[in-house]
Amino acid sequence: MSARTGSLHERHRAVLPRWLTLYYERPLELTHGAGRHVWDADGNRYLDFFGGILTTMTAHALPEVAKAVGEQAQRLVHSSTLYLSRPMVELAERIADLSGIEDARVFFTTSGTEANDAALLLASAYRGGANQVLAMRNSYHGRSFSTVGITGNAAWSPTTLSPLQTLYVHGGVRTRGPYAALPDEEFIAAAVADLEDMLAHTRPAGVAALIAEPVQGVGGFTSGPDGLFAAFREVLAREGIVWISDEVQTGWGRTGDHFWGWQAHAAAGPPDLLTFAKGIGNGMSIGGVVGRADIMDALDANSISTFGGSPVTMAAGLANLGYLLEHDLQSNARRVGAELRERLVAGAEDLALVREVRGRGLMIAVEVVRPGTGEPDPAVAALVLERAREAGLLIGKGGGPGGSVLRIAPPLSLTGEEAREGAELLVAALAGVDAELAGRNG
């Protein structure tokens, strides 16, 4: 076979599917990182405010994680779940204790998609084969056949064919939709009434679960009012419907105020099942489900995981979680995130293209619109993304049907100085695009 020729981008397009999205007009090849910074193949340094889609949770090239991975790889890379694994048991013990779920059991996967897939299977089995699922509008739960089928975001749903019947309820977006103008209490009451009405028009015994992100990630870091899922839980509990909290993006202290996103709805107590992934591995492929023993034990057929719970990834997860807890990165996310958000709010106050700055902890979104209309404009978001990159700042993009939300989610070890630098760079990018658009329309 002859060697491939052309730029890396050209070679990428020649062998990978066209739907495999790349950021930027001139896509980046990242070669290495350290702390909160990464470098590209041309030697340019960037302040990383997206962390590989909220996955580099603590820091790039964290020595503790690299050491744990190297030492474990020299001993044993793989064994499967057919054998006892000390790193897997130890990480499961820590996660079970941290979950808030009594007598919890843990099953490891390789991704958030697979974790949500497993949770849906467990809930359906527990509910006697029920195949209906309640999900939130504007939600995202993965790219597998079943998780695409429950995703409430058309931009990420390439097919409507699904083994599950999905019923979508209100409540995931506070500032858009039919309840946006209501005060929080009335918003929650309206969303609960919608849920109850939906259940009245179906057979509740056929509903396996409600799956919901406490803060919608791909949907643009949106959420309902605190307490929403506590109110939902009262309705679900009457029918025995399982509550799955999708914590793939909100877990491990990212929201600052809480270790898990569900804790903003603490009156409900912990969820029945909680899914996790992304940040726990700090770049290594770890996902999983933690839940009540009676639900986790509901499968009546054989099941294993070939790569879930790999000794190397478990060693990385243990080291990463230990670092996060020992350095109290949740408190850092709350403190530094609040400063970052305040600076973005102040800097965007007079910019016509910014509709809203929202979020909590180090999970912050800037929603941009076509000036003067309030309508989402993905082209404007893409322009800001480019300008930020040119200035040395990497951010994310996404958000609901319009896809015009800038997502900011740096590693949780972000310093105050880096937060101030990043805020300055992003505000300058926003202001530059705002002026550019005003010039076009002037």
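Residue indices begin at 1 and follow the sequence shown. Note that the structure is predicted; figures quoted are calculated from it, not measured.
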Visitor: If only atom types and distance count, is the side chain of T110 paired as donor or acceptor with the main-chain N or O of G308 below 3.5 Å?
Guide: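 The answer is no, because no donor-acceptor pair under 3.5 Å joins these two groups.
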Visitor: Would you check if the side chain of K278 reaches a backbone N or O of I53 as a donor-acceptor pair within less than 3.5 Å?
Guide: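 Such a contact is found between K278 side chain and I53 backbone.
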Visitor: Which pairs count as side chain to side chain donor-acceptor pair (under 3.5 Å) when at least one residue sits in residues 87-107, sequence neighbours excluded?
Guide: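 The answer is D103-R105.
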Visitor: With ring-ring contact (aromatic ring centres under 6.0 Å, His included) as the criterion, how do W260 and F276 come out once you've worked through the C-alpha distance, each side chain's angles and the decisive distance to 0.1 Å?
Guide: CA-CA 10 Å; W260 303 107; F276 59 86; 7.1 Å; no
Visitor: What closest approach, in Å, do A190 and L182 show between heavy atoms, and which atom pair accounts for it?
Guide: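 Result for this residue pair: CB-CD1, 4.0 Å.
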Visitor: Would you check if V38 and T56 make a side-chain contact, meaning some heavy-atom pair closer than 4.5 Å?
Guide: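 V38 does not reach T56 side chain to side chain.
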Visitor: Are the side chains of M136 and T222 in touch, meaning some heavy atoms are under 4.5 Å apart?
Guide: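 The answer is no; the side chains never approach within 4.5 Å.
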Visitor: Which label fits F229 and F232: parallel for a plane angle under 30°, tilted from 30 to 60°, or perpendicular past 60°?
Guide: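 The arrangement is perpendicular - the two ring planes meet at more than 60°.
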Visitor: Between NE2 of H32 and CG of D40, what distance do you get to the nearest 0.5 Å?
Guide: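 Rounded to the nearest 0.5 Å, the NE2-CG separation comes to 9.5 Å.
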Visitor: Would the distance check show the side chain of D184 and the main-chain N or O of D226 forming a donor-acceptor pair, the cut-off being under 3.5 Å?
Guide: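 No.
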Visitor: Filter on side chain to side chain donor-acceptor pair (under 3.5 Å), then keep only pairs touching residues 306-317, sequence neighbours left out; what's left?
Guide: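 Listed by first then second residue: nothing to list.
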Visitor: Taking the side chain as every heavy atom from C-beta outward, state whether T275 and E213 have any atom pair closer than 4.5 Å.
Guide: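 When only atoms from C-beta onward are counted, E213 and T275 do not touch, as no gap falls below 4.5 Å.
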Visitor: Kindly check if the number of other-residue, nucleotide or ligand heavy atoms within 6.0 Å of CZ (R420) is above 12?
Guide: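 It does: R420 CZ has more than 12 such atoms within range.
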Visitor: Measuring only between side-chain heavy atoms, which start at C-beta, is T81 closer than 4.5 Å to F108?
Guide: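 They are not in contact (no side-chain heavy atoms under 4.5 Å apart), so the answer is no.
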Visitor: Look at the side chain of H265 and the backbone N and O of G227, then say whether any donor-acceptor pair between them is shorter than 3.5 Å.
Guide: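 Confirmed, H265 side chain pairs with G227 backbone.
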Visitor: Under 4.5 Å between any side-chain heavy atoms of I188 and Y179, yes or no?
Guide: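 SC-SC contact between I188 and Y179 ruled out.
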Visitor: Looking only at heavy atoms, what is the nearest atom pair of Y46 and L28, with distance?
Guide: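 In terms of heavy atoms, the two residues are closest at OH-CD2, 3.4 Å.
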Visitor: Just wondering, more than 12 heavy atoms not from W39 lying within 6.0 Å of its CH2?
Guide: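 More than 12 heavy atoms, drawn from other residues, nucleotides or ligands, come within 6.0 Å of this atom.
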Visitor: Do S413 and R36 pair up side chain to side chain, a donor and an acceptor below 3.5 Å, judged on atom types alone?
Guide: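 Yes, because at least one side-chain N or O of S413 sits under 3.5 Å from a partner of the opposite role on R36.
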Visitor: If I take atom CD1 from residue I395 and atom CD1 from residue I408, how far apart are they, to the nearest 0.5 angstrom?
Guide: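 Rounded to the nearest 0.5 Å, the CD1-CD1 separation comes to 6.0 Å.
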Visitor: Just by distance, with hydrogens left out, do H170 and D194 show a side-chain donor and acceptor under 3.5 Å apart?
Guide: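 D194 and H170 do not have a side-chain donor-acceptor pair below 3.5 Å.
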Visitor: Run the side chain to side chain contact (heavy atoms under 4.5 Å, CB included) check on R389 and L394 step by step: do they pass?
Guide: CA-CA 5 Å; R389 173 259 179 98; L394 303 185; 4.3 Å; yes
Visitor: Would you give the length of the straight line joining atom CD of Q330 to atom OG1 of T255, rounded to the nearest 0.5 angstrom?
Guide: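 Rounded to the nearest 0.5 Å, the CD-OG1 separation comes to 7.0 Å.
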Visitor: Would you confirm whether D272, through its side chain, and R292, through its main-chain N or O, come within 3.5 Å as a donor-acceptor pair?
Guide: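 No; zero donor-acceptor contacts below 3.5 Å.
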Visitor: May I ask you to decide whether D328 forms a salt bridge with R334, counting only side-chain N to carboxylate O separations under 4.0 Å?
Guide: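 Looking at R334 together with D328, the answer is no, because their closest N to O distance does not fall below 4.0 Å.
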Visitor: Going through the checks in order, is the side chain to side chain contact (heavy atoms under 4.5 Å, CB included) test met by L340 and F49?
Guide: CA-CA 11 Å; L340 176 56; F49 266 29; 3.9 Å; yes
Visitor: So F307 and H78, would you call those rings parallel, tilted or perpendicular, with 30° and 60° as cut-offs?
Guide: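 If you compare the ring of F307 with that of H78, the planes turn out tilted.
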Visitor: Would you call E196 and R238 a salt bridge, taking side-chain N to carboxylate O under 4.0 Å as the test?
Guide: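 Looking at E196 and R238, the cut-off is met.
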Visitor: Start with the C-alpha gap between Y323 and V65, add the side-chain angles, then the distance that decides, and say whether side chain to side chain contact (heavy atoms under 4.5 Å, CB included) holds.
Guide: CA-CA 9 Å; Y323 184 93; V65 172; over 6 Å; no
Visitor: Do M363 and L54 touch side chain to side chain, with heavy atoms closer than 4.5 Å?
Guide: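 Yes, close enough: below the 4.5 Å cut-off.
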Visitor: Does some side-chain heavy atom of T109 sit less than 4.5 Å from a side-chain heavy atom of F107?
Guide: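 With C-beta onward as the side chain, the pair touches.
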Visitor: Check H258 against A264 and note the closest heavy-atom contact, atom names and distance.
Guide: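 Shortest heavy-atom separation between H258 and A264 comes out as CE1-CA, 3.6 Å.
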Visitor: Do Y140 and D246 come within less than 4.5 Å of each other through their side chains, counting heavy atoms only?
Guide: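 They are not in contact (no side-chain heavy atoms under 4.5 Å apart), so the answer is no.
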Visitor: Does the side chain to side chain contact (heavy atoms under 4.5 Å, CB included) test come out yes or no for I95 and W252, once each step is laid out?
Guide: CA-CA 10 Å; I95 292 173; W252 319 110; 4.0 Å; yes
Visitor: More than 12 heavy atoms of other residues, nucleotides or ligands under 6.0 Å from CG of L20: is that the case?
Guide: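 More than 12 within 6.0 Å, yes.
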Visitor: Of all the heavy-atom pairs spanning L412 and A333, show the shortest one and how long it is.
Guide: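 Here L412 and A333 meet closest at CD2-CB, 4.2 Å.
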Visitor: Can you name the closest pair of heavy atoms from L164 and V133 and give their distance?
Guide: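 Residues L164 and V133, closest heavy atoms: CD1-CG2, 4.0 Å.
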Visitor: Donor-acceptor pair, R407 side chain versus G398 backbone, under 3.5 Å?
Guide: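 No.
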Visitor: Going from CD1 on I150 to CG on L210, what distance comes out if it is rounded to the nearest 0.5 angstrom?
Guide: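 Spacing of CD1 (I150) from CG (L210) equals 10.0 Å.
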Visitor: Looking only at side-chain N and O atoms, does T415 offer a donor or acceptor that is under 3.5 Å from a partner on E418?
Guide: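 Their side chains do contain a donor-acceptor pair, which is all the 3.5 Å distance test asks for.
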Visitor: Looking at OG of S223 and CZ of R174, how far apart are the two atoms once the value is rounded to the nearest 0.5 Å?
Guide: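 Going from the OG atom of S223 to the CZ atom of R174 covers 9.5 Å.
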Visitor: Do you know the tightest heavy-atom contact between T151 and H141?
Guide: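 Of all heavy-atom pairs spanning T151 and H141, the closest is OG1-N, 3.1 Å.
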Visitor: Counting distance only, does the side-chain N/O of S144 pair as donor-acceptor with the main-chain N or O of T113 below 3.5 Å?
Guide: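 Here the side-chain-to-backbone pair does not exist.
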Visitor: Out of curiosity, E247 CD to I280 CD1, how far, rounded to the nearest 0.5 Å?
Guide: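 Atom-to-atom, E247:CD and I280:CD1 are 13.0 Å apart.
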Visitor: With sequence neighbours excluded, tell me which residues meet side-chain contact (heavy atoms from CB on, under 4.5 Å) with M198.
Guide: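 Partners of M198 under the side-chain contact (heavy atoms from CB on, under 4.5 Å) test: L134, L167, V169.
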Visitor: Taking only Lys NZ, Arg NE, NH1 and NH2, and the carboxylate oxygens of Asp or Glu, determine whether R176 and E356 approach each other closer than 4.0 Å.
Guide: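 The answer is no: the pair does not qualify as a salt bridge.
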Visitor: If we check salt bridge (charged side-chain N to carboxylate O under 4.0 Å, His left out) with E339, which of these qualifies: R341, R335, R343?
Guide: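 Per the salt bridge (charged side-chain N to carboxylate O under 4.0 Å, His left out) rule, the option paired with E339 is R343, out of R341, R335, R343.
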